[in-house]
Amino acid sequence: MGLDRADDAGVYKISDHLALIQTVDFFTPIVDDPYWFGQIAAANALSDIYAMGGVPKTAMNLVGFPVKKMDISVLRQIIQGGLDKMKEAGVVLVGGHSLEDDELKYGLSVTGFVHPDRVLTKKNLKVGDHLILTKPLGTGVINTAIKAALASQQTIDKVTKIMVTTNQKAAETMAKYEVHACTDITGFGLLGHIAEMVEGQNLGIRLHASDIPILPEALEFASMGLFPAGAYNNKEFRSCMVEFSPSIDSILADLLFDPQTSGGLLISVSYSDAKALVQDLHKAGLTDCSIIGQVIENPPGKIVVT
Amino acid sequence: MMKELDCRGLACPGPVLRTKDLLENHRPDVIKVIVDNEASKQNVKRFMESQNYKVNVEIDGSLFYVIGSDEAGSEVQSEERPAPEPHVETKKIVVMIGTDRMGYGDDELGKKLMLNFLATLKEMGDDLWRLILINNGVKLTIEGSDALPILKELADNGVYILVCGTCLTYFGLLDKKDVGETTNMLDVVTSLQLADKVINI
């Protein structure tokens with residue numbers, strides 16, 4: 001797969017039956033607890049493999065650590081968190097690299113397998129498809145509130161649980177269906193990632209704002225102005241592609257640009273498969289997932305939010 | 001009382017937190033916060049609005065002056081400032097319906113009353129924001145329901161109709177729904193939270 005089109009990970013075909021998928025992701029801590037941070041970073045790094053329809057197999061740790069400022073036990077807990085997440089996903093840790101850094105950073109480089117005919121990209125939407133989102137939005141805003149020490153422990157626990165949940169179950173469930181396109185929702189926010197799917201295409205997307213699962217705590221913190229700067233950057237970059245119906249509240253509109261950490265999958269399937277897939281996803285424990293919109297013919301290359 | 005806060009060089013959520021501290025400790029009539037980036041401008045404006053301040057933003061080169069005036073206190077003198085975004089003052093009324101008939105007593109009468117009620121709802125005008133249909137209420141949305149044309153008219157007029165997906169599934173009516181959006185409990189809860197008024201039938 002070339003670099004001319006944005007996609008979630010690199011794919012290299014080895015034989016007619018096997019292709020490699022490679023991806024890398026790392027970031028600075030979002031929660032205070034090092035063990036949970038390790039889990040979140042690993043879940044986030046694995047996500048791109050699932051979004052491409054693959055199965056992650058091996059991983060390497062990437063670590064930046066301020067060894068003079070921080071106790072080495074912190075790093076041990078982070079790595080333990082990552083390792084536990086890899087075990088859960090059936091991934092083998094095969095190595096890694098660490099360096100001294102002013103700021104703590106952790107993540108993974110992940111390699112996965114996929115059948116070359118089953119690679120899921122962002123660009124195979126079909127008019128009439130329904131779009132399914134598997135996790136609720138709002139982690140960017142809530143993480144900002146956590147940084148500002150305004151989030152309750154209950155909220156921190158809730159959002160941590162969402163972020164450490166890998167997209168493994170979602171990927172396994174969707175593999176039973178004829179999925180047309182898929183991506184994972186991360187730093188560009190829901191609308192930023194959807195924009196990549198419709199950019200330059202002869203079709204557009206209509207989203208039903210009230211169907212989009214959003215964490216209620218995120219709405220509350222968003223109305224207090226706790227958006228991360230990334231949300232506004234995403235909006236500035238992509239708002240030319242989005243038409244909001246006048247009834248959409250501006251806070252809700254901006255939440256659709258909120259950068260997500262370890263966000264869910266956005267799955268495009270035919271109308272006839274969508275309901276059954278959502279039911280299967282619910283059965284797999286992804287109770288927040290829902291159909292949030294559909295692929296439309298007009299306006300091409302645009303996202304309409306009603 | 002006027003207070004000024006220089007938040008140049010601070011990244012999000014710093015300016016909001018400093019504004020929050022100041023408002024909590026002093027509650028000035030007028031507060032002016034200086035920020036140097038778009039994100040902080042938006043966030044500080046939103047925070048002040050959430051604290052019932054009326055907000056104007058002045059732009060000076062790369063700086064933004066976010067000026068809030070306590071709506072209960074004195075007004076800021078506004079000169080040549082762009083008018084705040086036009087905003088039509090409508091209420092957000094949510095009507096939550098958990099039944100296909102209105103009131104207790106005679107069921108036939110109750111069904112007629114429900115039709116009459118739905119047909120009269122449009123008199124709320126733009127204030128009617130969303131209808132939430134749960135439990136037996138979802139039966140109003142299915143093929144053959146007498147309420148269907150009335151609900152479709154409301155939907156065409158911009159009223160968002162949320163139909164409980166769990167309830168449709170429970171009654172085996174998921175494929176029979178003919179109006180509104182199938183929804184989940186999170187949307188229901190969010191709608192209730194965002195509404196100015198909730199009417200429960």
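Heavy-atom basis, side chains included; hydrogens, waters and symmetry copies ignored. Bear in mind the structure is a predicted one, so any value in this text is a computation, not a measurement. Quick note on labels: first sequence line is chain A, next is B, and so on, each numbered from 1.
- Between A:Ala229 and B:Cys12 the shortest heavy-atom distance is N-CB, 4.3 Å.
- Remark: A:Asp211 CG to B:Asn184 CG distance equals 8.0 Å, nearest 0.5 Å.
- For B:Cys164, the disulfide bond (SG atoms under 2.5 Å apart) partners are B:Cys167, not counting sequence neighbours.
- Heavy atoms of other residues, nucleotides or ligands lying less than 6.0 angstrom from CZ of A:Phe244 number more than 12.
- Heavy atoms of other residues, nucleotides or ligands lying less than 6.0 angstrom from CG of B:Asn136 number more than 12.
- In this structure, CZ in A:Phe221 is found 12.0 Å from OG in B:Ser50, a value given to the nearest 0.5 Å.
- Of the two parts of A:Ala222, only the backbone, made up of N, CA, C and O, holds a non-hydrogen atom closer than 4.5 Å to a non-hydrogen atom of chain B.
- Of the listed residues (B:Lys92, B:Arg46, B:Arg130), the one with the most heavy-atom contacts under 4.5 Å to chain A is B:Arg46.
- At a 4.5 Å heavy-atom cutoff, the contact between A:Ser210 and chain B is made by backbone and side-chain atoms alike.
- The local environment of NZ in B:Lys177 is crowded, with over 12 non-hydrogen atoms from other residues, nucleotides or ligands closer than 6.0 Å.
- Proximity to chain B is absent for every atom of A:Asn233, based on heavy atoms less than 4.5 angstrom apart.
- In this structure, the separation between CD on B:Glu49 and OG on A:Ser250 is 7.5 Å, given to the nearest 0.5 Å.
- Among B:Thr169, B:Val16, B:Thr183, the residue making the largest number of heavy-atom pairs under 4.5 Å with chain A is B:Val16.
- Atom NZ of A:Lys126 is surrounded by more than 12 heavy atoms from other residues, nucleotides or ligands within 6.0 Å.
- Heavy atoms closer than 4.5 Å to chain A are found in the backbone of B:Thr182, but not in its side chain.
- Within 6.0 Å of atom CD in A:Glu297, 12 or fewer heavy atoms from other residues, nucleotides or ligands are found, so the atom counts as exposed in its surroundings.
- For NZ of B:Lys176, the number of neighbouring non-hydrogen atoms (other residues, nucleotides, ligands) closer than 6.0 Å is 12 at most.
- Residue contact with chain A, scored on non-hydrogen atoms closer than 4.5 Å, is absent for B:Val44.
- Residue A:Leu252 does not touch chain B at all, counting heavy-atom pairs closer than 4.5 Å.
- Heavy-atom distances place both the backbone and the side chain of B:Gln42 under 4.5 Å from chain A.
- With rounding to the nearest 0.5 Å, the separation of CG in A:Leu226 from CG in B:Leu17 is 6.5 Å.
- Shown here is A:Glu236, whose CD atom has no more than 12 heavy atoms of other residues, nucleotides or ligands within 6.0 Å.
- The line from CD of A:Gln279 to CG of B:Leu174 is 6.0 Å long, rounded to the nearest 0.5 Å.
- Interface residue A:Ile251: backbone and side-chain heavy atoms are both found under 4.5 Å from chain B.
- By the 4.5 Å heavy-atom criterion applied to side chains, B:Thr190 and A:Leu219 are counted as neighbours.
- Counting heavy-atom pairs closer than 4.5 Å to chain B, the top-ranked of the candidates A:Ser245, A:Gly225, A:Ala149, A:Ser247 is A:Gly225.
- Using a 4.5 Å heavy-atom threshold, the side chains of B:Tyr160 and A:His208 count as touching.
- For OH of A:Tyr177, the number of neighbouring non-hydrogen atoms (other residues, nucleotides, ligands) closer than 6.0 Å is greater than 12.
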